[in-house]
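Notes to accompany the following structure.
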Amino acid sequence: MRDRVLAALADLEAAGEIPAGLDTSNVSVEPPRDPAHGDMATNAAMVLAKPAGRKPRDIADALARRLDSVPEVDSATVAGPGFLNLRLAPSLWAGLVEHVRAEKAFGRSEIGGGERVNVEYVSANPTGPLHVGHVRGAVFGDALASLLDFTGHAVTREYYINDGGAQVDVLARSVYLRYLQAHGREVEFADGTYPGDYLIAVGESLKDEVGEAYVDQPEDVWLEKVRVFATDAMMDLIREDLRILGVKMDMFYSEKSLYGTGRIETAIERLRAQDLIYKGTLEPPKGKLPSDWEPREQTLFRSTEHGDDVDRPIMKSDGSWTYFAPDIAYHYDKIDRGFDQLIDVLGADHGGYVKRMKAAVSALSNARVPLDVKLCQLVKLTKDGQPFRMGKRTGNFITLRDVVDQVGPDVTRFMMLTRKNDAPLDFDFDKAVEQSKDNPVFYVQYAHARVRSVMRKAADLGVEPGAPNLADPAEIDVARKLAEWPRLVEIAARAHEPHRVAFYLYDLAQSFHALWNRGNDDASLRFLQEGDAQATAGKLSLPLAVAVVISSGLGILGVTPAEEMR
RNA sequence: GCUCGCAUAGCUCAGCUGGAUAGAGUGUCGGCCUCCGAAGCCGAAGGUCCCAGGUUCGAAUCCUGGUGCGAGCACCA
């Protein structure tokens with residue numbers, strides 16, 4: 001439609017009514033907020049008034065005369081300060097609905113242009129099963145990846161395994177204690193070990209594997225072996241957790257695999273070549289000083305050159321790498337693999353980490369590869385009106401499995417996407433289980449199920465969908481909502497905001513339910529026209545088109561469209 | 001103290017990257033099932049879009065400065 005308007009503008013230009021060479025990039029042609037204004041509206045006259053040296057109303061009038069003669073436009077009227085409202089012919093809506101019904105890929109786009117995008121998400125430490133805090137990031141990252149895929153990007157979904165740091169040693173020692181326990185020894189879980197019950201089984205299977213080989217042996221005999229054994233076991237747990245949530249990764253990338261290969265050194269050298277690495281002593285942090293602060297000379301990355309607030313240590317004073325160094329190497333590896341864009345999905349507690357990582361990626365890629373870090377805020381779990389508390393110390397926390405077992409993967413995923421990622425999310429267990437209208441998942445699935453129900457009945461009657469016949473405002477309303485889908489997908493993809501899809505689906509379901517209920521009052525609006533196969537055929541395309549969009553939208557979110565509600 | 005994020009109806013939140021009279025859900029009040037599934041629909045009431053400036057035809061949206069809340073802030077990842 002925008003093309004029509006631009007063509008009309010070109011006509012005006014040719015006719016000498018407006019000056020040539022105007023910048024039309026700000027001209028928008030969109031459905032207006034208030035449908036009473038028309039089907040489409042353009043701000044062309046207001047945008048162009050100033051550069052053209054004409055009054056907005058004059059341009060709008062001239063444009064209206066041109067557009068009136070376009071066949072798809074029923075009427076073009078000037079309103080307000082210079083808006084041009086277009087009323088489109090019903091036949092155009094019918095054509096759209098038919099298109100959507102026949103074209104299952106409606107909404108898919110190629111705006112990504114095959115750009116290679118790496119989405120890293122979850123990346124939970126391999127020290128235990130995933131808990132609720134991880135679920136949000138997992139669902140968000142997964143939906144974002146699907147959204148980018150839907151819009152023509154070549155997406156890689158990736159999990160970074162932090163198996164190189166001190167926390168996996170802690171894990172290994174904790175498993176060792178369980179191993180001793182499996183041999184009947186009395187053990188004590190000191191601070192700084194993981195007491196979770198989930199390690200009992202790991203200790204036992206370690207016993208099955210090595211027998212008594214590690215009992216009463218010094219740490220240097222078993223630590224390395226137990227670490228590998230334990231992290232493998234934890235990753236199996238995590239993979240299983242992801243599976244029940246319906247998250248599929250393309251790639252698990254091990255931090256440990258970076259060590260001893262010179263890759264960290266290579267990445268650091270690359271920074272050094274740009275004079276971004278130096279030895280120095282950081283200023284103490286402003287405000288409250290940590291009690292044990294003392295100045296230390298460290299190897300630092302000059303991240304301030306790339307927008308960070310202070311330079312960051314990459315090497316500890318004892319000469320070993322900080323966690324930041326392998327992270328730099330890991331991101332360098334992503335750049336090296338040829339990605340055009342990187343996205344990290346992290347928990348909100350990593351906020352302080354964003355600038356330094358962006359600085360590193362900017363430096364390593366000569367500012368070629370953008371890194372977008374999406375921080376997911378906390379999930380506040382409530383049940384019976386009471387907040388759930390998780391104690392990491394006690395090893396007592398709500399696991400992903402607890403949530404999925406109780407409410408199912410579909411509800412879990414949808415609920416996690418009903419808030420934008422940078423706002424905290426309330427997850428109410430009772431409502432999630434309740435399956436009532438408080439629960440938006442069911443509202444959307446219900447719409448889909450209603451369509452399927454109609455189709456089953458139509459099939460019984462032997463009626464096939466035919467050319468759509470739309471007349472009633474409620475029908476046009478649904479069609480209009482469908483027409484927004486491709487544009488919404490593009491906006492959501494550009495903004496990296498999959499939650500927009502969830503809200504859109506709710507809106508679409510709403511206008512569909514409204515139409516459905518209009519059928520209660522007005523029999524002519526029912527999809528199944530009793531005893532009139534031809535009329536029924538004309539009605540079936542619209543609900544089918546709705547089902548097409550709902551299922552591809554839910555597909556992006558990773559939620560199953562329901563065939564029927566039970 | 002610094003950094004990042006958030007602030008919109010009683011409550012929980014959308015708001016299409018600057019458009020017209022700011023929208024849903026929930027709660028309150030009032031209606032709709034001999035009917036393709038009422039797990040639904042329709043209507044009413046409810047607003048200083050945190051405050052103050054600025055940018056322009058036009059601001060909830062962009063900029064500056066405040067206020068409040070949250071998260072983070074040197075050899076932990």
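Numbered from 1 within each chain, the chains take letters A, B, ... in sequence-line order.
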Base partner of B/U55, which must satisfy Watson-Crick or wobble distances under 3.5 Å: none

A/Ser174 side chain to A/Val170 backbone, donor-acceptor under 3.5 Å: yes

Worked verdict on A/Asp410 versus A/Thr560 for side-chain hydrogen bond (donor to acceptor under 3.5 Å, both in side chains): CA-CA 6 Å; A/Asp410 286 337; A/Thr560 320; 3.2 Å; yes

B/A44 to B/A22 separation - P atoms, rounded to the nearest Å: 15 Å

Sugar-phosphate, base or nothing in reach of A/Asp426, heavy atoms under 4.0 Å: sugar-phosphate

Rounded P spacing from B/U56 to B/G18 in Å: 16 Å

Under the side-chain contact (heavy atoms from CB on, under 4.5 Å) test, residues paired with A/Ala359 that sit two or more places apart: A/Phe301, A/Ser303, A/His306

Contact nearer the 5' end of RNA chain B, comparing A/Leu375 with A/Leu515: A/Leu375

Who pairs with B/A44 - Watson-Crick or G-U, where each distance is under 3.5 Å: B/U28

Pair assignment for B/U3, Watson-Crick or G-U wobble, requiring both distances under 3.5 Å: B/A71

Sugar-phosphate, base or nothing in reach of A/Arg494, heavy atoms under 4.0 Å: nothing

Paired nucleotide for B/A77 [Watson-Crick or G-U wobble; both distances under 3.5 Å]: none

Over 12 foreign heavy atoms within 6.0 Å of CD, A/Glu297: yes

Phosphate OP1/OP2 of B/G40: any A/Arg518 side-chain N/O under 4.0 Å: no

Contact under 4.0 Å: A/Ser453 side-chain N or O vs B/C36 OP1/OP2: no

Sugar-phosphate only, base, or nothing, as touched by A/Ala423 at under 4.0 Å among non-hydrogen atoms: nothing

Closest nucleotide among B/A77, B/A24, B/G5 to the A/Asn125 side chain: B/A77

Row check, A/Tyr278 ring normal vs A/Arg302 NZ/CZ: under 6.0 Å, within 45°: yes

Spatial distance of atom CD1 (A/Ile556) from atom CG (A/Leu554) [nearest 0.5 Å]: 9.5 Å

Sugar-phosphate only, base, or nothing, as touched by A/Glu294 at under 4.0 Å among non-hydrogen atoms: base

Atom pair distance, as rounded to whole Å: NE2 in A/His331 and C1' in B/A77: 14 Å

B/A77 base / A/Asp163 side chain donor-acceptor hit below 3.5 Å: no

At a cut-off of 3.5 Å, list every protein nitrogen or oxygen paired with a nitrogen or oxygen from nucleotides 63-72 of chain B, distance to 0.1 Å.
{"from": "B/A71", "atom 1": "O2'", "to": "A/Ala348", "atom 2": "O", "distance (Å)": "3.0"}

Residue A/Lys355, side-chain heavy atoms: nucleotide from B/G40, B/A14, B/C4 that is nearest: B/C4

Euclidean distance for C1', B/G72 against B/G66 (whole angstrom): 23 Å

Under 3.5 Å on both distances, the Watson-Crick or G-U partner of B/U21: none

Integer angstrom distance from the C1' of B/A24 to that of B/A14: 7 Å

A/Thr231 side chain to A/Arg227 backbone, donor-acceptor under 3.5 Å: yes

Along RNA chain B (nearest heavy atom to each residue), the more 5'-positioned of A/Ser320 and A/Asp507: A/Asp507

Exam field: side chain A/Arg526 to backbone A/Gly519, donor-acceptor pair closer than 3.5 Å: yes

Rounded P spacing from B/G30 to B/C63 in Å: 47 Å

Distance, P atom - from B/U28 to B/G23, rounded to whole angstrom: 24 Å

Base-pairing mate for B/A38 - Watson-Crick or G-U, with both contacts under 3.5 Å: none

Any N/O pairs under 3.5 Å between the protein and nucleotides 31-35 of chain B? List them or say none.
{"from": "B/C35", "atom 1": "O2", "to": "A/Asn520", "atom 2": "O", "distance (Å)": "2.9"}
{"from": "B/C35", "atom 1": "O2", "to": "A/Arg526", "atom 2": "NH2", "distance (Å)": "2.9"}

Sugar-phosphate only, base, or nothing, as touched by A/Phe527 at under 4.0 Å among non-hydrogen atoms: base

Rounded C1' spacing from B/G40 to B/C6 in Å: 35 Å

Rounded distance in Å between the C1' positions of B/G15 and B/U67: 24 Å

Who pairs with B/C49 - Watson-Crick or G-U, where each distance is under 3.5 Å: none

Sugar-phosphate, base or nothing in reach of A/Arg312, heavy atoms under 4.0 Å: nothing

Sugar-phosphate only, base, or nothing, as touched by A/Ala495 at under 4.0 Å among non-hydrogen atoms: base

